[in-house]
Protein chains: 2
Amino acid sequence: MSEAQFRNWQAIQAEVLRRIHARNWPPGHTIPNEVDLAQEFGCARATVNRALQSLADAGLLERRRKAGTRVALHPVGKATVTIPVIRQEIEDRGMTYAYRLITRDIATSPAPLGATGPGLHVTAVHHANDSPYVIEDRWINLTTVPDAAEQPFDQISANEWLVTTAPYTNGDISFAAEPATAQEAQLLNTAEGTPVFVIDRITWDHDQTITTVRLTYAPGYRIHTGIGTGAIAS
Amino acid sequence: MSEAQFRNWQAIQAEVLRRIHARNWPPGHTIPNEVDLAQEFGCARATVNRALQSLADAGLLERRRKAGTRVALHPVGKATVTIPVIRQEIEDRGMTYAYRLITRDIATSPAPLGATGPGLHVTAVHHANDSPYVIEDRWINLTTVPDAAEQPFDQISANEWLVTTAPYTNGDISFAAEPATAQEAQLLNTAEGTPVFVIDRITWDHDQTITTVRLTYAPGYRIHTGIGTGAIAS
DNA sequence: TAGTGGTCTAGACCACCTG
DNA sequence: AGGTGGTCTAGACCACTAG
């Protein structure tokens with residue numbers, strides 16, 4: 001009791017986790033406030049705050065001013081998916097990267113890009129070990145990224161050019177399974193209707209649309225990542 | 001300048017972001033250390049630390065002791081995918097939830113569960129508005145979760161029972177697009193070979209396997225989430 | 001309105017790492 | 001060896017919100 005056993009926020013976090021797992025603090029239970037915990041753990045309140053905030057970020061605790069800190073009823077799992085540059089993703093897997101531009105046109109942007117100004121439409125295929133890896137079907141808003149109009153995108157992909165040129169503040173991303181269209185199947189060297197993994201992404205700089213992209217991966221592609229309290233960052 | 005314009009860590013974070021976007025601090029650039037920034041912003045170093053750590057978590061900065069803080073060369077995007085309980089996911093979309101147990105057997109666990117002890121194999125279908133929504137094909141490790149053997153899982157799904165009973169510390173998760181097998185197609189009321197979104201998940205309590213599950217979603221399912229510096233938490 | 005978490009401060013010590 | 005980020009402290013004030 002009131003022993004100064006827990007000197008750093010990670011130790012405190014581990015102890016809190018232990019009590020949750022041991023059902024000392026069951027789901028829905030309101031745990032002691034930060035002042036009391038700080039006294040029990042023999043540390044400053046700021047240290048307790050950091051430990052609890054980290055657990056709240058992980059979804060295991062729900063915190064509200066005045067109401068206190070409760071153990072989440074349904075500990076929502078959270079998986080952080082990293083979205084690397086395609087060339088890096090391929091090279092990190094030890095495969096040889098190649099890039100092939102398919103089409104490049106300037107036309108009126110489709111609805112998602114704001115429906116107003118002109119857009120640059122680029123389609124390309126990224127290869128890994130000479131096999132098609134992913135199709136990049138992209139619209140770039142030429143109103144917000146006018147420099148894109150001068151880029152040929154025949155050597156450097158729009159994917160790679162944009163990350164070092166057009167920073168974004170927000171984005172939406174979605175994952176789905178879809179049947180390959182005839183054109184996609186041809187580019188990916190597979191059969192029409194084959195299940196393919198599709199990522200749709202749109203990014204903004206504040207409220208200005210920058211680009212929308214559909215990435216259609218060759219069959220067999222998987223996204224893999226870790227979850228859980230062991231992966232807590234910050 | 002040394003003006004005390006930035007009083008809280010979020011304002012500092014915004015200012016740092018502005019300088020990165022404005023190319024004042026281009027990719028690869030080493031930014032001033034925390035002491036200098038604190039003086040410039042007219043605040044305590046801890047406040048600068050919080051702002052920079054938040055940006056480092058978001059992948060925009062790379063920090064190392066002694067080396068300092070650099071702007072990331074390839075600002076890796078990170079999307080946080082939440083993994084809710086299936087019943088909640090359906091009800092949150094305003095649809096009616098229903099659950100149907102298909103099979104329940106005790107047998108020797110397959111390889112992923114440790115290959116040693118007995119396992120409980122449960123397959124079930126979750127419905128939304130009376131349409132099949134997702135197939136849950138699960139193995140539960142009866143060595144680590146013996147209580148599962150006494151659960152019928154005919155009313156409450158294993159998915160829901162486990163989150164409030166068997167906490168995990170770590171997990172792996174992967175997403176893929178696959179063709180529906182004959183059995184999956186039948187349960188999902190679709191055609192064999194139809195592209196379906198599949199989630200494979202395995203969870204451990206430290207190094208003890210708890211459960212593996214394959215979730216096969218009905219055609220049309222999408223995972224959707226946001227990305228970017230606007231979604232920074234903590 | 002009072003209790004709780006959110007944050008800031010000024011200072012200090014430490015762990016890590018580069019040069 | 002020395003500079004940098006990582007963290008802790010003790011105290012303070014503020015913002016939010018439940019009762």
Side-chain angles (χ1 to χ4, degrees), chain A residues 2-17 19-20 25 28-73 230-234, chain B residues 2-17 19-20 25 28-73 230-234:
Chain A
S2 305
E3 304 298 330
Q5 298 279 9
F6 307 98
R7 304 299 306 171
N8 52 36
W9 69 268
Q10 301 162 33
I12 292 173
Q13 174 180 310
E15 171 63 11
V16 171
L17 267 178
R19 295 186 185 183
I20 293 174
W25 294 338
H29 181 78
T30 300
I31 76 175
N33 67 35
E34 296 188 347
V35 175
D36 292 347
L37 286 177
Q39 187 177 6
E40 177 189 345
F41 291 145
C43 66
R45 182 169 80 95
T47 309
V48 173
N49 181 281
R50 180 156 183 103
L52 297 187
Q53 214 162 46
S54 168
L55 289 172
D57 284 346
L60 276 89
L61 296 178
E62 296 171 355
R63 321 191 73 197
R64 276 201 312 260
R65 288 164 153 113
K66 168 72 176 179
T69 301
R70 296 193 323 154
V71 179
L73 283 172
I232 287 178
S234 170
Chain B
S2 303
E3 304 300 330
Q5 298 279 9
F6 307 98
R7 305 297 307 168
N8 52 36
W9 70 267
Q10 300 162 31
I12 292 173
Q13 173 180 312
E15 171 62 13
V16 171
L17 267 178
R19 295 185 186 183
I20 293 174
W25 294 338
H29 180 78
T30 299
I31 76 175
N33 67 36
E34 297 187 348
V35 175
D36 292 346
L37 284 177
Q39 186 178 5
E40 178 188 346
F41 291 145
C43 67
R45 183 169 80 94
T47 308
V48 174
N49 181 281
R50 179 152 184 108
L52 297 186
Q53 215 163 47
S54 167
L55 289 172
D57 285 347
L60 277 90
L61 296 178
E62 295 172 356
R63 320 190 75 197
R64 275 200 312 258
R65 286 161 152 119
K66 168 71 177 177
T69 300
R70 295 193 322 155
V71 179
L73 283 172
I232 287 178
S234 170

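These numbers come from the heavy atoms of this one structure, side chains and all, not from hydrogens, waters or symmetry mates. Proteins come first, then strands; the chains are lettered A, B, ... in the order of their sequence lines, and each starts at number 1.
One atom, CG of A:Leu55, and another, P of C:dG5, lie 14 Å apart when rounded to the nearest Å. Between the P atom of D:dG2 and the CG atom of B:Asn33 lies a distance of 17 Å, rounded to the nearest Å. B:Asn49 places its CG atom 16 Å from the P atom of C:dA10, with the value rounded to the nearest Å. Rounded to whole Å, atom P of C:dT4 lies 12 Å from atom CZ of A:Arg63. When the P atom of D:dC13 is taken as reference, atom CG of B:Asn8 falls 18 Å away, rounded to whole Å. Rounded to an integer number of Å, the gap from A:Glu62 CD to C:dG6 P is 13 Å. To the nearest angstrom, C1' of C:dT7 lies 15 Å from CD of B:Gln53. In this structure, A:Leu61 atom CG and C:dG6 atom C1' are separated by 16 Å, rounded to whole Å.
Base pairing of D:dA10 is made with C:dT9, judged by Watson-Crick or G-U wobble geometry with both donor-acceptor distances under 3.5 Å.
The closest side-chain heavy-atom distance from A:Ile31 to A:Ile20 is not below 4.5 Å.
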Check: protein-nucleotides 15-19 of chain C nitrogen or oxygen pairs below 3.5 Å:
residue	atom	partner	partner atom	Å
C:dA15	N3	B:Arg65	NE	3.1
C:dT18	OP1	B:Arg64	NE	3.4

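One can find a donor-acceptor pair under 3.5 Å joining the base of C:dT7 and the side-chain atoms of A:Arg45.
Rounded to the nearest 0.5 Å, atoms OG1 (A:Thr47) and CD (A:Glu34) are 10.5 Å apart. Summarising the geometry, atom CH2 belonging to B:Trp25 is positioned 10.5 Å from atom CG belonging to B:Leu17; distances are rounded to the nearest 0.5 Å. Rounding to the nearest 0.5 angstrom, the gap separating the NE2 atom in A:His29 from the OG1 atom in A:Thr69 is 11.0 Å. Within the model, atoms CD of A:Gln10 and CZ of A:Arg50 stand 8.5 Å from one another, a figure rounded to the nearest 0.5 Å.
Mapping B:Ala46 and A:Glu34 onto DNA chain C via the closest heavy atom, the residue that lands nearer the 5' end is A:Glu34.
Here the closest non-hydrogen pair linking A:Asn33 and A:Asp36 is OD1-N, 2.9 Å. In plain terms, the two heavy atoms of B:Leu37 and B:Pro32 that are nearest each other are CD1-O, 3.6 Å.
Side-chain N/O atoms of A:Gln10 include one lying less than 4.0 angstrom from OP1 or OP2 on D:dT7. Dashed line: the shortest gap from a side-chain N or O of B:Thr47 to OP1 or OP2 of C:dT7 is not under 4.0 Å. The side chain of B:Thr69 contributes an N or O atom lying less than 4.0 Å from OP1 or OP2 of D:dG5.
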